There are 2 protein chains.
Amino acid sequence: MPRPRSLTLDRLAAAALAVIDRDGLAALSMRTVAKELGMSPMGLYRYVSDREELEGLVVDRVLGSVDATPPTPDTPWRERIEIMVGRLRDAVAGHPEAVPLTLAHRHHAAAGLRWSETVLGILTEAGIDGRQRVVALRALHGYVTGAIQLEHLGPLAGEGTAVIAGLPEDRFPHLAETARTAGEVGPDQEFFGGLRLLLRGLDG
Amino acid sequence: MPRPRSLTLDRLAAAALAVIDRDGLAALSMRTVAKELGMSPMGLYRYVSDREELEGLVVDRVLGSVDATPPTPDTPWRERIEIMVGRLRDAVAGHPEAVPLTLAHRHHAAAGLRWSETVLGILTEAGIDGRQRVVALRALHGYVTGAIQLEHLGPLAGEGTAVIAGLPEDRFPHLAETARTAGEVGPDQEFFGGLRLLLRGLDG
DNA sequence: ACCTGAACACCGTTCAAGT
DNA sequence: ACCTGAACACCGTTCAAGT
């Protein structure tokens, strides 16, 4: 006696992300997501073969919200890449608790592929191709992955800077001075400043 | 009736890392580490206040093996930074299963601070200071964090490239071509190629 | 003071059973 | 076919007790 499916993968992903956003990544479990949906934990296994697949759905959902349409070609190509990177950063920033899940698995997500395709298009128009284009995409991918993660390390990161501020100046002179200067640099300057270093290193 | 301590933090960290190296990060638990040491799980709480602190010890241990002494100043400064980054990459590569633990928490570890101090020294000698030095260190930190993680995504990453290779060429033309070219680029070229883009973007 | 064993409140997942 | 409840083998951590 077949019953109709009570769920869609989309609703499942939304429920998991709701748990993460509300109670943190540590609260994510088959059981909490099932409760969020008002069903038994085991019911989820009709839709997803294990927890990892559920996490994949969450990543797809977060990255699916990134606009992958190419920016207007009359803006300089470096700015167009900044726009693409900024969109990714903003989407991820909307779900800070999901960051550890999101970035590392970016290239599995269909949405991540569309983003890469657009960025590669911009690089190509800038005259970058062959191996250099491979290296450039990979470098952007690496920078974006790391830089966004560092931004969202959260209270731990705050702790970190406090530690640095209290370092013995004689053994860590540069670090102590850099920590003082760091206060003048906002998160956007830091993030896009680093990105621009990378872009400046590219020909074209 | 006081008993002598049976453990050192060093032995504890070594045991945890042994579990990770042998059985994977997923196998790490208070219980498995206790078993590794031949004691009760609760015994560990005399040395560490919770699991997170144990993970911190592991990070310290991995990064503690990185040589932070400045390379000889007669090599060009960009090469000296490449050397420093390479040392970090090699140390982490020795414990691939610990990668997710290691990089994000790098700035908590004393060893990470010594690394940063040396890199800042090189940047300073290259004439980079003030806010630009803050941005430069942060960019290097971000790139290294992300790029090393991507390198160690492992079988998943392999899957990823297989997926890309089978993409519909009409919808992902650049990605399909880039995937073909990617085979010609080895991991070292990829990693240091990206790093050099960043370094080229720095003045000096 | 150091360490242990039992216990509590959780996990992910399997399996047999209900509709 | 879809979903549930009980059960299994795990977690991290608290607490009272042993030496």
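Quick caveat, the model's predicted, so the values are computed rather than measured. Below, read A as the first sequence line, B as the second, and so on, with proteins coming before strands; counting in each chain starts at 1.
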Of the options [options], whose atoms approach the side-chain atoms of [X] most closely?
| X | options | answer |
| --- | --- | --- |
| Tyr47(B) | dT14(D), dC11(C), dC2(C) | dC2(C) |
| Ser29(B) | dG12(D), dG12(C), dT4(D) | dG12(D) |
| Thr32(A) | dC11(C), dT14(C), dA7(C) | dC11(C) |

As a test of understanding, state which of Leu25(B), Val33(B), Leu17(B) forms a side chain to side chain contact (heavy atoms under 4.5 Å, CB included) with Val58(B). Leu17(B)
5' precedence on DNA chain D between Ser49(B) and Arg46(B) (nearest-nucleotide basis): Ser49(B)
Residue-phosphate contact under 4.0 Å: Ser6(A) side-chain N/O, dC3(D) OP1/OP2: yes
dG12(C) pairs with, by Watson-Crick or G-U criteria that keep both distances under 3.5 Å: dC8(D)
Both distances below 3.5 Å, Watson-Crick or wobble geometry, any strand: find the nucleotide opposite dA1(C). dT19(D)
Roughly, in whole Å, what's the span from [atom1] in [X] to [atom2] in [N]?
| X | N | atom1 | atom2 | result |
| --- | --- | --- | --- | --- |
| Arg51(B) | dC10(C) | CZ | C1' | 14 Å |
| Arg5(B) | dT4(C) | CZ | P | 13 Å |
| Leu44(A) | dC3(D) | CG | C1' | 11 Å |

At their closest point, which heavy atom of Leu7(B) faces which heavy atom of Tyr47(B), and how far apart are they? N-OH, 3.1 Å
With heavy atoms under 4.0 Å as the rule, sort Met30(B) into base, sugar-phosphate or nothing. sugar-phosphate
Test Arg196(B) against every option in Glu190(B), Glu79(B), Glu82(B) by the salt bridge (Lys or Arg N to Asp or Glu O under 4.0 Å) rule and name the one that passes. Glu82(B)
